Structure formats: C-alpha cells, structure tokens
J.: 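Take a look at this one; I'll ask things after.
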Amino acid sequence: MKTSARSALLFPLLLLSILALLTFWINKTVQPLAPKTDGSNRHDPDYIMSNFLTTQIDIHGDLHYKLSALEMRHFPDDDTTYLQRPYYTQFTIGKADTQIQGLRGMVSSKGDKVELFGKVKVTRPAFEDKQESSLETEHLTIFPNEDLVRTESPVIIRQAPKTVIYGTGLIYEKKLGTVTLLHNVRAHYEKPPQVRDKKRLPTVSMSTKTKQTAVKRPTILNTNNARIRRRYD
C-alpha cells in the first residue's frame with residue numbers, strides 16, 4: 001500500500017517536471033536570437049580601397065574583363081562591394097573592347113553580378129569597318145560569367161553617323177551577338193551621303209537657275225510595345 005501511494009504521488013510530479021522542461025525548450029526555440037554586440041550586424045565597411053582594379057581571365061587564359069573604380073568599399077554583413085566611378089571593360093578577341101562606366105556600382109558576394117547606376121554609358125569604339133556605337137541608361141546589370149547585359153530602364157543607342165534608337169528595357173547577349181529592345185522602341189535613321197566615284201560619275205555643272213538642292217528626310221520607326229532585335233558583330 002505504501003509503495004502504491006508513493007508511486008501515485010511521484011507520477012504527477014514527474015509529469016509536471018517534463019511539462020516544465022518542454023515549455024522552457026519551446027520558449028527558447030521561438031525566442032529571437034539576441035543581437036550580437038561585435039558589430040557584425042552593422043552595415044559598415046570592413047575595408048576601403050582607392051584606385052581599385054581587378055581582372056578575370058577565361059578558360060583559355062585570355063583576358064575576359066577588367067573592373068576598376070576610384071574607390072571600393074566592402075561590407076561584411078552581406079559580403080557586397082560598392083564602387084565609386086566604376087569602369088568595366090570587356091575584352092573580345094578579334095573585336096573592339098566594350099567599355100562601360102557609371103557613377104556608382106555594386107558587385108554581388110559571388111562576383112557573378114555587377115550593377116552600375118547613374119549616367120551609365122556603354123561605348124564600343126570604331127573597329128575595322130564598324131562605326132562607333134554607344135548606349136546610355138541609368139541602370140545596367142552585367143552578368144560576366146554569362147556574357148549577358150540587361151536593364152529595365154529607358155535606353156538611348158547611338159550609332160555613327162546619324163542613327164539614334166530609343167527604347168525601354170534591353171537585353172544584350174554577347175554569345176549571340178544580339179541586342180533586344182523590349183518596349184517603346186523608336187528609331188531615327190538618316191542614310192549617309194553617297195560618295196561619288198570620280199572615275200565613273202563625272203561632275204555635271206548646273207546653272208544657278210536650274211540647280212536644285214536635294215533634301216534627305218530621316219527614317220523614323222515607332223513600334224510602341226514591340227520587341228526589336230538587332231545583331232551586332
């Protein structure tokens with residue numbers, strides 16, 4: 001009888017102890033972690049570098065791209081890198097180098113994405129029989145490992161001598177050599193003047209009474225919401 005009475009008393013005590021431990025464990029699990037006091041949660045740079053420069057080569061050992069900036073700041077909380085006056089150069093064997101610059105920039109933690117902000121300009125110098133071309137926008141995202149460039153912002157493309165293309169949103173696929181404009185595409189094109197061949201076309205003189213001036217009208221393309229894809233060599 002004594003043993004049975006003692007067991008009857010111990011069982012509820014044991015059950016209450018288990019419930020108390022379980023409640024304590026659940027409470028510790030759902031409670032947010034205490035903030036660290038070592039400064040690792042603050043968005044402060046752990047190092048700053050002036051006249052920053054980094055390069056990357058491809059699998060063949062050729063120079064793939066070069067990224068420089070007046071100042072670089074690295075933030076340890078999200079492992080991102082911020083740039084002031086970034087300058088990105090992409091190299092292609094047998095073709096003109098593509099140069100991209102902006103006011104500010106950011107590099108992802110893995111280095112697989114480079115973003116440029118503020119007065120972004122892309123320039124491809126004249127090369128062989130190709131005229132110089134440029135692109136202007138306010139935000140551009142570069143994926144170096146994929147040879148891909150894109151933006152959702154308005155863009156202006158200028159190609160010498162007098163071609164100007166406007167649009168909103170752009171995708172440049174280097175491997176395919178194509179530029180795709182996504183929305184609100186407009187183009188202004190003026191045919192360059194033809195140079196007379198002196199050997200085949202003799203100069204014809206005209207009097208001031210019969211002389212006329214030919215006016216060349218520009219070609220204007222407006223597609224609103226159509227996509228336009230153009231190949232660039």
Side-chain angles (χ1 to χ4, degrees), residues 33 35-127 132-160 164-175 179-182 232:
L33 296 175
K36 296 181 180 180
T37 58
D38 57 358
S40 59
N41 288 333
R42 297 170 53 185
H43 193 64
D44 293 332
D46 54 352
Y47 59 88
I48 302 173
M49 184 182 299
S50 299
N51 298 320
F52 167 77
L53 174 64
T54 182
T55 59
Q56 185 184 80
I57 60 175
D58 58 21
I59 58 175
H60 304 291
D62 298 315
L63 188 60
H64 186 202
Y65 73 82
K66 179 174 66 175
L67 177 62
S68 62
L70 291 181
E71 183 181 271
M72 180 273 284
R73 292 173 178 256
H74 178 263
F75 293 85
D77 59 326
D78 56 2
D79 196 25
T80 55
T81 302
Y82 287 81
L83 307 172
Q84 290 293 329
R85 294 285 182 175
Y87 198 98
Y88 179 93
T89 305
Q90 189 174 52
F91 300 92
T92 305
I93 297 177
K95 296 182 180 180
D97 304 331
T98 302
Q99 304 163 6
I100 309 175
Q101 57 185 313
L103 298 180
R104 303 176 308 280
M106 186 184 73
V107 183
S108 63
S109 59
K110 296 181 180 180
D112 56 349
K113 182 172 71 172
V114 180
E115 293 188 76
L116 274 68
F117 307 90
K119 297 183 179 180
V120 180
K121 185 173 183 180
V122 183
T123 305
R124 190 191 68 176
F127 182 76
E132 178 180 289
S133 60
S134 66
L135 180 148
E136 299 170 19
T137 186
E138 286 298 313
H139 176 219
L140 199 68
T141 303
I142 307 169
F143 300 92
N145 299 333
E146 303 176 34
D147 287 332
L148 180 68
V149 176
R150 66 183 306 149
T151 182
E152 300 296 331
S153 302
V155 299
I156 302 176
I157 300 176
R158 306 179 191 274
Q159 187 167 9
V164 184
I165 304 173
Y166 305 87
T168 301
L170 174 143
I171 301 174
Y172 169 54
E173 299 171 276
K174 181 184 175 184
K175 295 178 181 178
V179 172
T180 304
L181 294 169
L182 304 180
Y232 285 84

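Scope of the values below: all heavy atoms of this structure, side chains included, with no hydrogens, waters or symmetry mates. Just so it is clear, the model here is predicted, and its values are computed rather than measured.
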J.: So among Gln99, Gln101, Lys66, which one has a side chain to side chain donor-acceptor pair (under 3.5 Å) with Tyr87?
T.: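 Per the side chain to side chain donor-acceptor pair (under 3.5 Å) rule, the option paired with Tyr87 is Gln99, out of Gln99, Gln101, Lys66.
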J.: Quick test of your reading: applying ring pair (Phe, Tyr, Trp, His ring centres under 6.0 Å), list the pairs with at least one residue in residues 47-67, sequence neighbours left out, ordered by first then second residue.
T.: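 Only Tyr47-His74, Tyr65-Tyr88 qualify under ring pair (Phe, Tyr, Trp, His ring centres under 6.0 Å).
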J.: Examine the side chains of Thr98 and Lys174 and answer whether a donor and an acceptor come within less than 3.5 Å of each other.
T.: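 On atom types as modelled, these side chains do not qualify, holding no pair under 3.5 Å.
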J.: Please find the pair of heavy atoms, one from Ala96 and one from Pro125, that lie closest to each other, and give the distance.
T.: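 Taking Ala96 first and Pro125 second, the nearest heavy atoms are CB-O, 3.7 Å.
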J.: In Å and rounded to the nearest 0.5 Å, what is the OH to OG1 distance from Tyr172 to Thr180?
T.: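 Interatomic distance, Tyr172 OH to Thr180 OG1, rounded to 0.5 Å: 11.5 Å.
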J.: I need the minimum non-hydrogen distance between Pro45 and Arg73, along with the two atoms involved.
T.: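 Pro45 and Arg73 have their closest heavy atoms at CG-NH1, 3.9 Å.
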J.: What are the two closest non-hydrogen atoms of Thr92 and Asp97, and how far apart are they?
T.: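 For Thr92 and Asp97, the tightest heavy-atom pair comes out as N-OD1, 4.0 Å.
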J.: Locate the shortest heavy-atom distance separating Leu53 from Ser68; write the atom from each residue and the value.
T.: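 Nearest heavy atoms, Leu53 then Ser68: CD1-CB, 3.9 Å.
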J.: Would you say the side chain of Leu140 lies within less than 4.5 Å of the side chain of Val122, judging by non-hydrogen atoms?
T.: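 Yes - at least one pair of side-chain heavy atoms lies under 4.5 Å apart.
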J.: Consider side chain to side chain contact (heavy atoms under 4.5 Å, CB included). Of Leu135, Thr123, Leu67, Val120, which one does Ile100 pass it with?
T.: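 Among the candidates, only Val120 passes.
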J.: Output the distance between atom CE (Met106) and atom OG1 (Thr141), rounded to the nearest 0.5 Å.
T.: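 Rounded to the nearest 0.5 Å, the CE-OG1 separation comes out at 8.5 Å.
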J.: If only side-chain N and O atoms count, and only distance matters, is there a donor-acceptor pair under 3.5 Å linking Glu152 with His139?
T.: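 No pair is found: no donor N or O on one side chain lies under 3.5 Å from an acceptor on the other.
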J.: Out of curiosity, Met49 CE to Leu83 CG, how far, rounded to the nearest 0.5 Å?
T.: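 The distance works out to 11.0 Å.
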J.: Once you round to the nearest 0.5 Å, how far does CD of Glu136 lie from CD1 of Ile157?
T.: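 Spacing of CD (Glu136) from CD1 (Ile157) equals 10.5 Å.
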J.: Is a donor on one side and an acceptor on the other found under 3.5 Å between the side chain of Thr151 and the backbone of Gly169?
T.: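 Side chain of Thr151 to backbone of Gly169, a donor-acceptor pair under 3.5 Å: no, none is there.
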J.: Looking at side-chain heavy atoms only, is the closest gap between Leu148 and Glu173 below 4.5 Å?
T.: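 A side-chain contact exists here, since the closest heavy-atom pair is under 4.5 Å.
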J.: Quick one: salt bridge (charged side-chain N to carboxylate O under 4.0 Å, His left out) partners of Arg104, sequence neighbours excluded?
T.: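 Arg104: no salt bridge (charged side-chain N to carboxylate O under 4.0 Å, His left out) contacts found.
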J.: Mind listing the closest non-hydrogen atom pair of Gly105 and Pro86 along with its distance?
T.: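 Nearest heavy atoms, Gly105 then Pro86: N-CG, 3.8 Å.
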J.: Going from CG on Asp46 to CG on Asp77, what distance comes out if it is rounded to the nearest 0.5 angstrom?
T.: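 Atom-to-atom, Asp46:CG and Asp77:CG are 9.0 Å apart.
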J.: Supply the atom-to-atom distance Arg124 CZ to Lys95 NZ, rounded to the nearest 0.5 angstrom.
T.: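 The distance works out to 8.5 Å.
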J.: Considering all heavy atoms of both residues, which atom of Arg150 and which atom of Ile171 are nearest to each other, and what is their separation?
T.: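 The answer is NH2-CD1, 3.7 Å.
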J.: A side-chain contact here means heavy atoms from C-beta on lying under 4.5 Å apart; do Asp147 and Gln90 qualify?
T.: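 In short, these two side chains touch, coming nearer than 4.5 Å.
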